[in-house]
Structure formats: C-alpha cells, structure tokens
Amino acid sequence: MKQVELVNGDLRFPALMAGEGEPVILLHGFPDTYENWAVQINAIAQAGYTAIAPALRGYAPGCQPGNGDYSLYAAVDDLMVFASQLGGRVHLIGHDWGAVVGYLACAQAPDTFCSFSALAIPPVRRIPQALLKVPEQVLLSGYMQFFQLPLAPEAWLSKGDLSGVETLWRRWSPNWEPEMYLDNAKYTLSEPGVITAALSWYRSLFRLWTRENRKTLPWLSRDIATPTQILIGENDGCMSPKLLQHTLVESDFSAGMELLRIQNAGHFLHLEKPDEVNAHLIRHLKATECECSL
C-alpha cells in the first residue's frame, strides 16, 4: 500500500492505493478518514483490483477549496475527475457521505461505474418522504440541525481530545470499541481547517437555493443503472434500518440491487465486521467487470 495524490484543478487529495487491475474507488464519510479503508484496500488488492481511497473534499488542507464549495455537486465532480484519471470506468464503494455521493454519481453518470456498493446509507432518492414515516430518524438526525449553527459545532467536536467526535462514533456504532480507527479519524479531523470543512458538507446540504444544489436535484429522480449493493448495520445509531422499508424500491435500480443486513454491526460496519463486509464487497466486484485498466 502506498500514499498517492489525486488532483482536481488546484485541489490535491491524499489517497491510499494498492494492487493492480480494475480500479475501485473507496469514499469515506463523517467523521472519518480515508486511511480507515486500509483493511478493505488490502483485501480488494489481494482479490486482483487496484483499490484507491482518497480524502473527501476538505478532509486535508490541500483539498480545501478557496471558494468554500462543499456541495454534493462539487463532490460528484471530484469523483468524476478521479474516475477519469483512473481509466474512465471504475467500481465504487462509499460509506456515509461517500455513499451519498455514490448514489448521485451513479444516477448522473451510470456508464462511469461498473458497480456500486453503498454502506450505511439507504437509497437517498426516497429519504425525504421516508422521514415522515420513520420519526425516530428525525431524532437521530438532530446533529445535522445542530451543525447548521456557527462556531458551536466546531467547539463541541474539538473540545478536549476531540471528545465530540468520539461521542458520535460511540453513539453510531454502539457496543463496539473503535480503537485505532477513532484515533485515525481524530488525527485527520485535527488538521488545519478540516473540522470546519467537514461541517460545511452539512451546511451546504441545507442551502437549497444555491445553483449547485439546484443542479443535483434532478439526479435524485433518476433510476440507478449501475449494479448496486447496499449494506446496512442492524445496530446503526445514525441511520435507522427502518428507513429501508420506505426507501428500497427495486424498480429504482434498473441494473439490479442487493440488500445485505449486517448483524451486530452499527454505522461503521466495514470496520466492525471487516471480514464479512469485505467478502460481500469482493463478491459484488467479481460479479461485474470493467473494461478499463490503469
């Protein structure tokens, strides 16, 4: 495994990379770091693929845009540029925000993605309507409203040894000891500007009037024509598994969809149950093929 860098304009995204073969991009979420994909990168590389996990926009000083654009439109653009740099067609695995970006990217440019695995996030197309039917999710998502405030969220997340970050990890994946993974995340989030950048993803999401958000809205109504696998931890304390009852519509996935519920796992299911999750990810990769190589 080696440290590399992906580029979009003047932004420089650090990444971990290993293996040879069809490219697989892995996108992390919040409050996390690209370095926590290491176990998946090694397993996917050993299975015969090139696995590469970049930092999300803002999660390193070199990829914090001067214009402050942390919209999902910009995140999808980053991903499309990465895919082009890796040969034009790639497999995609996303967790949390990485999964949200993946749903939108696959809806917008299905020919770019040979397969898609979404971790911890149900299909985003129908989440707004599902919230009316799963009131517990409104409570679980209360942190998102808190994150809209100025300064206070930064102070809460940063106090002490980033105790706010640790609180979220333990709440979202109960009955699990994150050990080094939490330390890795804290290290990334302690870098200059990263916590504010991470919060800016949430703040941008609620600015529905912006041009970038208006551009992404039509993508939500499109079917996903990429073979899709959805993995959900049964004990997820961030996204209620009950959302699946109202968001999972097979006809929304014209190339097929598979749902897998991971027992005794929470929001960070790929870190809690790496062997089980890796086996599912690699099986899904093997079921598809990209006509591309590095």
Side-chain angles (χ1 to χ4, degrees), residues 1 3-6 8 11-18 23-45 51-64 70 72 74-76 78-79 81-83 86 90-106 116-121 124 157 162 165-166 168-169 172-173 176 178-191 193-195 197-202 205 229-233 236 238-239 265-274 277-278 281:
M1 190 182 310
Q3 187 89 31
V4 297
E5 188 176 77
L6 296 178
N8 185 8
L11 301 182
R12 301 294 186 267
F13 298 78
L16 291 179
M17 181 176 181
V24 182
I25 297 177
L26 301 98
L27 298 180
H28 68 88
F30 170 87
D32 205 357
T33 175
Y34 69 98
E35 293 177 307
N36 278 342
W37 282 118
V39 173
Q40 281 71 40
I41 290 172
N42 282 329
I44 290 169
I52 183 164
L56 288 182
R57 172 174 286 235
Y59 278 73
C63 56
Q64 294 169 5
Y70 290 98
L72 287 169
V76 170
D78 292 336
L79 174 58
V81 170
F82 300 160
L86 294 169
V90 301
H91 299 275
L92 178 61
I93 298 170
H95 173 253
D96 191 79
W97 273 118
V100 175
V101 173
Y103 281 118
L104 293 174
C106 289
F116 173 45
S117 293
L119 279 63
I121 303 295
V124 297
L157 289 169
L162 275 75
V165 172
E166 182 167 348
L168 292 178
W169 270 65
W172 292 353
S173 278
W176 173 60
E179 298 176 348
M180 67 175 181
Y181 298 118
L182 178 57
D183 290 339
N184 290 342
K186 285 182 175 181
Y187 179 82
T188 289
L189 290 158
S190 67
E191 292 191 274
V194 172
I195 281 185
L199 291 169
S200 294
W201 281 66
Y202 292 94
L205 184 65
Q229 178 187 65
I230 301 170
L231 297 93
I232 301 291
D236 196 317
C238 176
M239 299 296 293
H267 191 66
F268 297 96
L269 63 161
H270 58 303
L271 305 179
E272 299 172 65
K273 300 286 184 178
V277 170
N278 290 352
L281 295 176

Would you compute the distance between atom [atom1] of [X] and atom [atom2] of [Y] and round it to the nearest 0.5 angstrom?
| X | Y | atom1 | atom2 | value |
| --- | --- | --- | --- | --- |
| Tyr34 | Leu27 | OH | CG | 14.0 Å |
| Leu182 | Thr33 | CG | OG1 | 12.0 Å |
| Leu199 | Phe30 | CG | CZ | 5.5 Å |
| Ile41 | Ile52 | CD1 | CD1 | 8.5 Å |
| Leu26 | Leu281 | CG | CG | 8.0 Å |
| Asp236 | Leu119 | CG | CG | 10.5 Å |

For [X], all residues meeting side-chain hydrogen bond (donor to acceptor under 3.5 Å, both in side chains), sequence neighbours excluded:
| X | answer |
| --- | --- |
| Glu179 | none |
| Tyr202 | Trp97 |
| Gln64 | none |
| Asn42 | none |

Taking it one step at a time, do His91 and Ile25 satisfy side-chain contact (heavy atoms from CB on, under 4.5 Å)?
CA-CA 6 Å; His91 299 275; Ile25 297 177; over 6 Å; no
By ring pair (Phe, Tyr, Trp, His ring centres under 6.0 Å) - contacts of [X] (at least two apart):
| X | value |
| --- | --- |
| Trp172 | Tyr143, His267 |
| His270 | Trp37, His95 |
| Phe13 | Phe82 |
| Trp169 | Phe268 |

Let's go through Leu72 and Tyr103 carefully: what are the C-alpha distance in whole Å and the side-chain angles of both, what is the deciding distance for side-chain contact (heavy atoms from CB on, under 4.5 Å) to 0.1 Å, and is it a yes or a no?
CA-CA 11 Å; Leu72 287 169; Tyr103 281 118; over 6 Å; no
Partner set under salt bridge (charged side-chain N to carboxylate O under 4.0 Å, His left out) for Glu5, not counting sequence neighbours:
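In terms of salt bridge (charged side-chain N to carboxylate O under 4.0 Å, His left out), with neighbours along the sequence ignored, Glu5 is linked to Arg12.
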Partner residues of Asp32 under the salt bridge (charged side-chain N to carboxylate O under 4.0 Å, His left out) criterion, sequence neighbours left out
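Scan of Asp32 (salt bridge (charged side-chain N to carboxylate O under 4.0 Å, His left out), adjacent residues dropped) gives none.
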What pairs with Val39 under side-chain contact (heavy atoms from CB on, under 4.5 Å), at least two apart in sequence or on another chain?
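If we apply the side-chain contact (heavy atoms from CB on, under 4.5 Å) test to Val39, skipping adjacent residues, the hits are Tyr181, Pro274, Asn278.
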Partners of Ala105 by side-chain contact (heavy atoms from CB on, under 4.5 Å), sequence neighbours excluded?
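For Ala105, the residues satisfying side-chain contact (heavy atoms from CB on, under 4.5 Å) (neighbours in sequence not counted) are Val76, Leu79, Phe113.
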Please give me the minimum heavy-atom distance between [X] and [Y], naming the atom from each residue.
| X | Y | result |
| --- | --- | --- |
| Ala197 | Gly58 | CB-O, 3.4 Å |
| Gly102 | Leu92 | CA-CD2, 3.5 Å |
| Leu189 | Ala198 | CD2-CB, 4.3 Å |
| Gln229 | Ser117 | OE1-OG, 2.8 Å |
| Ser173 | Gly266 | OG-C, 3.6 Å |
| Asn36 | Asn184 | OD1-ND2, 2.9 Å |

Using a 4.5 Å cut-off on heavy atoms from C-beta on, say whether the side chain of Val101 contacts that of Asp78.
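In short, these two side chains do not touch, never coming nearer than 4.5 Å.
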Does Ile93 reach the side chain of Phe116, with side-chain heavy atoms less than 4.5 Å apart?
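Result no, sub-4.5 Å side-chain heavy-atom pair not found.
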Start with the C-alpha gap between Glu35 and Thr188, add the side-chain angles, then the distance that decides, and say whether side-chain contact (heavy atoms from CB on, under 4.5 Å) holds.
CA-CA 9 Å; Glu35 293 177 307; Thr188 289; 4.1 Å; yes
Stepwise, does the side-chain contact (heavy atoms from CB on, under 4.5 Å) test hold for Leu11 with Arg57?
CA-CA 8 Å; Leu11 301 182; Arg57 172 174 286 235; 3.6 Å; yes
